[in-house]
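Residues take their numbers from the sequence shown, with the count starting at 1. Just the heavy atoms: all of them, side chains too, but no hydrogens, waters or symmetry mates, feed the values below.
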Amino acid sequence: MRILAPMVVSIGGLVMLRLLGPDFIDQRTIRELLLPLGDYAPVAYVGFLAIRPLTLLPGQVLTAVGGMMFGTLAATLYSLTGSFLSATLLYFLARKLGTRPMQRLAGRKYPALAKAARRHDFQFTFLACINPLCPTDIMLAAGAASGARFWPSVAGVVLGTIPGTFLTAQFGSGLAQGRTVMTAVSAAGMIISLVLGVVFGRRFYKEINEAPEEPLATEPEISNAAAGGKVPLTTP
């Protein structure tokens, strides 16, 4: 619920704003606000999405706003580009910071989380993205810090993001255009995507949750192993 609540509140706020002030959340009005940016509006949008993990803002909300501004197809393309850039930034940032931040965040479940990320790098990030309840940024950072490969991990992020990105962009576009049917269909698709993500992700959740808690590696052990090209996840 802590993961889902910010997204639900934000999306719900956009819906309420549309109902209470239809002249404000209108696609034509929003585009007029973007006129000063000219052709750089998409560039600014993609650039903000690229640094989104540093802002801690939910990606679904930004995608919905993109649908309001640019329409479904354009917002989907821009959002996927931003997802690739943000995943790349987060991956190398996590590799640079190492395992200690993720160990502090995940506690004694980190060894199991990191093991699953290394073993199933593509599937791990793919299922993390296709399931809106899963903290995608944390999962990608955990995989990167534990040695998961770059291209499979980032490819999983981008491909796993496609269904939710399209539906959320369509939801925002339908909301801004006042198309009730389109908005309702998109909302239903987002719920179905959530359910399917939970179903397909059970294997990884079970592997992580049922793994015995293990003692974490100390900082000297991590540094010594990193020098040898390996990063330990537990103490001997």
Side-chain angles (χ1 to χ4, degrees), residues 3-4 7 46 48-64 66 75-99 101-103 105-106 109-170 189-211 230-231 233:
I3 297 170
L4 184 61
M7 180 184 68
V46 172
F48 187 77
L49 287 177
I51 62 172
R52 180 201 55 78
L54 303 180
T55 67
L56 302 181
L57 292 173
Q60 291 88 348
V61 175
L62 297 179
T63 301
T76 299
L77 178 60
Y78 298 153
S79 296
L80 290 176
T81 303
S83 294
F84 172 77
L85 295 176
S86 65
T88 301
L89 172 64
L90 189 60
Y91 179 91
F92 287 107
L93 184 61
R95 290 295 291 266
K96 180 68 175 179
L97 295 177
T99 61
M102 293 307 305
Q103 286 183 352
L105 183 63
K109 286 296 183 181
Y110 175 75
L113 183 66
K115 182 179 179 181
R118 288 199 322 275
R119 180 183 299 174
H120 315 286
D121 41 18
F122 173 80
Q123 297 179 55
F124 185 81
T125 54
F126 178 81
L127 291 175
C129 286
I130 206 171
N131 182 359
L133 287 179
C134 195
T136 304
D137 293 342
I138 294 177
M139 293 300 200
L140 176 60
S146 61
R149 296 171 297 172
F150 170 73
W151 284 112
S153 298
V154 173
V157 169
V158 175
L159 293 179
T161 301
I162 291 176
T165 297
F166 177 80
L167 290 171
T168 307
Q170 188 178 55
M190 292 165 65
I191 294 175
I192 294 173
S193 175
L194 167 63
V195 173
L196 292 178
V198 172
V199 171
F200 293 142
R202 285 184 303 174
R203 178 163 59 93
F204 294 104
Y205 299 145
K206 183 177 180 180
E207 180 178 338
I208 293 172
N209 291 329
E210 294 183 355
K230 298 181 180 179
V231 177
L233 302 179

>> If I compare all heavy atoms of Ala50 with all of Leu85, which pair ends up nearest, and what's the gap?
In response: CB-CB, 3.7 Å
> Can you list the residues that meet the side-chain contact (heavy atoms from CB on, under 4.5 Å) rule with Leu97, with sequence neighbours excluded?
Replying inline: Leu93, Pro101
>> According to side-chain hydrogen bond (donor to acceptor under 3.5 Å, both in side chains), does anything in residues 75-85 pair up with another residue at least two apart or in another chain? List the pairs.
In response: Tyr45-Ser79
>> Taking ring pair (Phe, Tyr, Trp, His ring centres under 6.0 Å) as the definition, give me every residue that meets it alongside Phe166, ordered by chain and number, with sequence neighbours left out.
In response: none
>> Quick test of your reading: applying side-chain hydrogen bond (donor to acceptor under 3.5 Å, both in side chains), list the pairs with at least one residue in residues 85-96, sequence neighbours left out, ordered by first then second residue.
In response: Tyr91-Arg95
> According to the salt bridge (charged side-chain N to carboxylate O under 4.0 Å, His left out) rule, which pairs have a member within residues 51-63, sequence neighbours left out?
Replying inline: Arg52-Asp137
>> To the nearest 0.5 Å, what is the distance between OG1 on Thr125 and CD on Gln123?
In response: 9.5 Å
> Should Leu54 and Leu89 be marked as a side chain to side chain contact (heavy atoms under 4.5 Å, CB included) after you check the CA-CA gap, both sets of side-chain angles, and the distance that decides it?
Replying inline: CA-CA 10 Å; Leu54 303 180; Leu89 172 64; 4.2 Å; yes
>> Under the rule for ring pair (Phe, Tyr, Trp, His ring centres under 6.0 Å), what residues qualify as partners of Phe48, not counting sequence neighbours?
In response: none
> Leu90 pairs by side-chain contact (heavy atoms from CB on, under 4.5 Å) with which of Leu140, Ile51, Ile138?
Replying inline: Leu140
> Closest heavy-atom contact between Ala117 and Ser146?
Replying inline: CB-OG, 4.2 Å
Contacts table for residues 150-163: side-chain donor-acceptor under 3.5 angstrom, sequence neighbours left out:
| residue | atom | partner | partner atom | Å |
| --- | --- | --- | --- | --- |
| Ser153 | OG | Arg149 | O | 2.6 |
| Thr161 | OG1 | Val157 | O | 2.4 |

> Are the side chain of Thr168 and the backbone of Thr165 linked by a donor-acceptor contact shorter than 3.5 Å?
Replying inline: no
